[in-house]
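Below is one structure, written out as structure tokens; comments come after it.
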Number of protein chains: 2
Amino acid sequence: MKPTHSPFDSPCKTVTDIISLIGDKWSVLVIKSLGDGRLRFTEIKRSIDGVSQKMLTTTLRGLERDGYISRTVYPTVPMRVEYELTDLGVDLLEPISALGQWAVDNHHRVVSARRRYDGDADMENRALAVHA
Amino acid sequence: MKPTHSPFDSPCKTVTDIISLIGDKWSVLVIKSLGDGRLRFTEIKRSIDGVSQKMLTTTLRGLERDGYISRTVYPTVPMRVEYELTDLGVDLLEPISALGQWAVDNHHRVVSARRRYDGDADMENRALAVHA
DNA sequence: CAGTATCCCGCATGATACTG
DNA sequence: CAGTATCATGCGGGATACTG
């Protein structure tokens with residue numbers, strides 16, 4: 001969204017730039033899916049529950065543009081298109097997986113935090129400091 | 001659309017659940033900001049360029065609900081509210097930081113991939129222009 | 001099969017004003 | 001200071017139909 005690519009971009013912007021792609025609904029799932037090897041369009045679609053044709057295409061284009069995946073067209077009839085992680089994509093898989101693993105390991109803590117928060121919803125102030 | 005929280009949830013859903021919070025525009029920046037220590041509302045706001053009062057509040061509430069940060073109110077006049085990472089938040093900081101570091105280290109690769117991709121698009125446009 | 005092309009809706013985000 | 005309340009809006013994302 002911000003096309004300002006000055007050499008003095010703050011790390012903030014840089015991080016946001018990368019994270020924003022991660023943040024969308026499907027990119028991470030696609031990358032994870034392709035982590036097992038090259039797949040055809042339909043195979044990716046089947047592997048990800050709930051993704052629409054349009055959003056999968058959009059997601060794949062974004063990932064390809066950023067260099068995370070490669071797209072190979074076989075002009076047979078019917079058409080055949082395969083996607084595969086690039087070296088960059090494989091590299092990204094590492095911190096992504098770490099985050100994913102963290103999510104799996106700590107999901108219960110988040111869930112119980114949510115339950116507690118929602119249970120205390122009727123309280124006005126969640127943490128009143130003792131006025132020293 | 002309340003997700004069932006059975007112990008047999010697909011990792012897919014679990015990961016998406018956590019990532020979706022990461023994915024929003026400001027959460028990561030807030031967590032990073034609080035990584036340096038407890039801060040007041042205004043201090044966080046100042047440390048993050050471009051965030052509105054409303055979105056910062058919304059983000060902080062979400063992070064508090066999920067147990068990543070704690071909120072402490074000092075009922076002085078004027079009011080004083082401090083935010084701080086919880087243990088869970090500190091734990092999350094680790095994979096987040098790894099991803100952030102990756103972003104900083106590899107941003108140039110993404111940028112050049114984008115330039116190449118967009119450059120190829122220009123080539124196609126030129127070819128079409130010849131026909132016209 | 002692997003997309004494009006449209007249409008449409010809801011929510012995330014933002015701007016502004018007000019308050020304890 | 002640290003928020004709510006309200007209104008406006010852009011676009012993410014789904015449904016559907018069409019195409020090479």
Side-chain angles (χ1 to χ4, degrees), chain A residues 1-3 16 19-30 33-34 38-65 69-84 121-129 131, chain B residues 1-2 16-17 19-30 33-34 38-66 69-84 117 121 124-125 128:
Chain A
M1 315 308 171
K2 284 291 179 64
T16 305
I19 299 283
S20 66
L21 200 154
I22 306 305
D24 76 41
K25 204 169 175 181
W26 306 109
S27 291
V28 169
L29 297 177
V30 169
S33 181
L34 288 176
R38 51 166 40 204
L39 291 175
R40 300 180 60 173
F41 183 88
T42 312
E43 293 172 333
I44 302 174
K45 186 163 177 0
R46 267 200 305 270
S47 76
I48 301 177
D49 188 55
V51 68
S52 68
Q53 223 168 23
K54 175 188 172 181
M55 283 320 296
L56 182 54
T57 300
T58 304
T59 301
L60 288 168
R61 288 293 172 279
L63 292 174
E64 187 195 0
R65 184 171 108 96
I69 65 176
S70 65
R71 178 177 180 268
T72 310
V73 179
Y74 299 87
T76 56
V77 177
M79 212 179 186
R80 174 192 184 84
V81 179
E82 288 186 350
Y83 293 91
E84 189 178 19
D122 51 333
M123 294 177 61
E124 280 304 310
N125 291 314
R126 282 157 292 279
L128 269 184
H131 195 42
Chain B
M1 106 162 229
K2 272 285 182 183
T16 306
D17 189 26
I19 299 284
S20 66
L21 199 154
I22 305 306
D24 76 42
K25 205 169 174 182
W26 306 110
S27 290
V28 169
L29 297 178
V30 169
S33 181
L34 289 176
R38 52 168 37 206
L39 291 175
R40 302 180 60 172
F41 183 87
T42 312
E43 292 171 333
I44 302 174
K45 186 161 176 1
R46 266 200 304 269
S47 75
I48 301 176
D49 187 55
V51 68
S52 68
Q53 222 167 24
K54 176 186 174 183
M55 284 319 299
L56 182 54
T57 300
T58 303
T59 301
L60 289 168
R61 288 294 172 280
L63 293 174
E64 188 196 359
R65 185 171 106 96
D66 284 6
I69 65 175
S70 65
R71 175 176 181 270
T72 310
V73 179
Y74 300 86
T76 56
V77 177
M79 213 178 187
R80 174 191 184 85
V81 179
E82 288 186 348
Y83 293 92
E84 189 177 20
Y117 187 95
E124 290 178 38
N125 288 340
L128 289 176

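Just so you know, these numbers come straight off a predicted model, no measurement behind them. Letters A, B, ... are given to chains in the order of the sequence lines, protein chains preceding strands, and every chain is numbered from 1.
Residue A/Tyr83 is in sugar-phosphate contact alone, with no base atom involved, counting any heavy-atom pair closer than 4.0 Å across all strands shown.
Between A/Arg46 and C/dC1 there is no side-chain N or O to OP1 or OP2 distance below 4.0 Å. Proximity of A/Arg71 to the phosphate of C/dA2: no side-chain N or O atom is located under 4.0 Å from OP1 or OP2.
The CG atom of A/Leu56 sits 8 Å away from the P atom of C/dG3 (whole-angstrom rounding). A straight line from CD1 of A/Ile69 to P of C/dA2 spans 13 Å, rounded to a whole angstrom. Rounded to whole angstrom, the span from the CZ atom of A/Arg80 across to the C1' atom of C/dC1 amounts to 10 Å. Counting to the nearest Å, the P atom of C/dT13 and the CG atom of B/Leu29 are 12 Å from each other. The nearest whole Å value for the distance from the CG atom in B/Leu39 to the P atom in D/dA2 is 11 Å. Rounded to an integer number of Å, the gap from CZ of B/Arg61 to P of C/dA12 is 17 Å. For B/Lys45 and D/dC1, the NZ to C1' distance is 12 Å, given to the nearest whole Å. Rounded to an integer number of Å, the gap from CG of B/Leu60 to P of D/dT4 is 10 Å.
With C/dT13, C/dG3, D/dG13 as the candidates, the nucleotide lying closest to the side chain of A/Asp24 is D/dG13. Each of C/dA2, D/dT4, D/dA2 was ranked by its minimum atom distance to the side chain of A/Val81; first place goes to C/dA2.
Separating the OG atom in B/Ser33 from the CD1 atom in B/Ile48 is a distance of 5.0 Å, to the nearest 0.5 Å. Distance check, rounded to the nearest 0.5 Å: NZ of A/Lys25 to CD1 of B/Ile19 gives 14.5 Å. How far CZ of A/Arg61 is from CZ of A/Arg71: 4.5 Å, rounded to the nearest 0.5 Å.
A donor-acceptor pair is defined here as one N or O able to donate and one able to accept, closer than 3.5 Å; such a pair exists between the side chain of B/Thr57 and the backbone of B/Gln53. Between the side chain of B/Thr59 and the backbone N or O of B/Met55, at least one donor-acceptor pair lies under 3.5 Å.
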Inset, instruction - Determine, for nucleotides 14-20 of chain D in 5'-to-3' order, which nucleotides have protein heavy atoms under 4.0 Å from the base (write B), from only the sugar-phosphate (write S), or from neither (write -). - result: BB-----
Legend entry - side-chain contact (heavy atoms from CB on, under 4.5 Å) between A/Leu56 and A/Val30, worked out: CA-CA 8 Å; A/Leu56 182 54; A/Val30 169; 3.9 Å; yes
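Looking at heavy atoms from C-beta onward, A/Leu63 lies out of side-chain contact with A/Tyr83 at the 4.5 angstrom threshold. B/Leu60 is listed as a side-chain neighbour of B/Ile44, based on a closest heavy-atom distance under 4.5 Å.
Across the interface with DNA chain C, nearest-nucleotide mapping of A/Pro78 and A/Thr57 shows A/Pro78 to be the residue nearer the 5′ end.
Overall bending of the helix from C/dC1-D/dG20 to C/dG20-D/dC1, expressed as the angle between end axes built from five pairs apiece, is 50° (10° steps).
Residues A/Arg38 and A/Thr72 share a closest heavy-atom pair of NH2-OG1, 4.2 Å.
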